[in-house]
Amino acid sequence: MFVFELADWALSQQLETNGAFLVNYAQDGPGFHTACVMEGIAAAHRVALRYGDVARAEQYRMSWRDGYRFVDRLIIRAEDTYAMPKPDRSLGGVRESLTSSRVRIDYVAHTLMALVHGVALQEP
């Protein structure tokens, strides 16, 4: 099934060290694009379950969890705002990468969608 081919290829692009997905259009190294891939992994997980492929679904669940470990580092929290001119407005933002302070609404939106679709994967 083509969905599985795509998801399996994406998994081959995931870094074991931090869970980030490598994409060729990220100028600053791994970043918020990991959340974009996580959206697809969460969807592939649902398809795997629908087709009874429990082993593949578990592989996707673990991949999503590892991706979350990386994306979580991009989310701006109170302790990250000490040098920001409007710290309250920054909370919950998503940085482009670990080395960038740039925040855009699409970074936040993709991360939110990845989290919303993936949280169900983590329930026992």
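This one's a predicted model, so the numbers in the text were calculated from it and none came from an experiment. Just the heavy atoms: all of them, side chains too, but no hydrogens, waters or symmetry mates, feed the values below.
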Find the distance between CE (Met38) and OG (Ser63) and round it off to the nearest 0.5 Å. 8.5 Å
With sequence neighbours excluded, give me every side chain to side chain donor-acceptor pair (under 3.5 Å) pair touching residues 37-59. Asp8-Arg56, Glu39-His110, Asp53-Arg56, Arg56-Tyr60, Glu58-Arg61
Closest non-hydrogen atom pair, Leu74 against Gly31: CD1-C, 3.6 Å
Side chain to side chain donor-acceptor pair (under 3.5 Å) partners of Asp106, counting only residues at least two apart: Arg104
Side chain to side chain donor-acceptor pair (under 3.5 Å) partners of Arg65, counting only residues at least two apart: none
Tell me the side chain to side chain donor-acceptor pair (under 3.5 Å) pairs involving residues 81-93, sequence neighbours left out? none
Output the rest of the hydrophobic cluster of Ile105: all Ile, Leu, Val, Met, Phe, Trp and Tyr residues reachable through side-chain heavy-atom contacts under 4.5 Å, sorted by chain and number. none
Apart from Phe2 itself, which Ile, Leu, Val, Met, Phe, Trp or Tyr residues share its cluster (side-chain heavy atoms under 4.5 Å, direct or through members)? Leu6
In chain order, what residues pass the salt bridge (charged side-chain N to carboxylate O under 4.0 Å, His left out) check against Arg69, with sequence neighbours excluded? Asp66
Does Thr111 have any side chain to side chain donor-acceptor pair (under 3.5 Å) partners at least two apart in sequence or in another chain, and if so, which? none
dist Leu91:CG -> Ile75:CD1 (nearest 0.5 Å) comes out at 11.5 Å
Could you work out the complete set of other residues in the hydrophobic cluster of Leu15, with links drawn between I, L, V, M, F, W and Y side chains under 4.5 Å apart? Leu22
By side-chain contact (heavy atoms from CB on, under 4.5 Å), Val108 pairs with (sequence neighbours left out) Val94, Val103
Grouping I, L, V, M, F, W and Y whenever their side-chain heavy atoms are under 4.5 Å apart, do Phe32 and Met113 come out in a common cluster? no
For the CZ atom of Phe21 and the CD atom of Gln13, what is their distance to the nearest 0.5 Å? 9.5 Å
Electrostatic pair Asp80-Arg73, nearest N-O below 4.0 angstrom: no
Starting from Leu49 and following side-chain heavy-atom contacts under 4.5 Å between hydrophobic residues (I, L, V, M, F, W, Y), which residues can be reached? none
When rounded to the nearest 0.5 angstrom, what is the spacing between CD1 in Ile41 and CE in Met62? 13.5 Å
Sequence neighbours excluded, the answer for side-chain contact (heavy atoms from CB on, under 4.5 Å) partners of Ser100 is Asp28, Glu96, Ser97, Arg102
When you group the ILVMFWY residues by side-chain heavy-atom contacts below 4.5 Å and let the links chain together, are Val3 and Trp64 in the same group? yes
Heavy-atom pair with the smallest gap, counting every atom of Ala114 and Ala35: CB-O, 3.4 Å
Taking it one step at a time, do Tyr68 and Leu115 satisfy side chain to side chain contact (heavy atoms under 4.5 Å, CB included)? CA-CA 8 Å; Tyr68 173 77; Leu115 297 178; 3.3 Å; yes
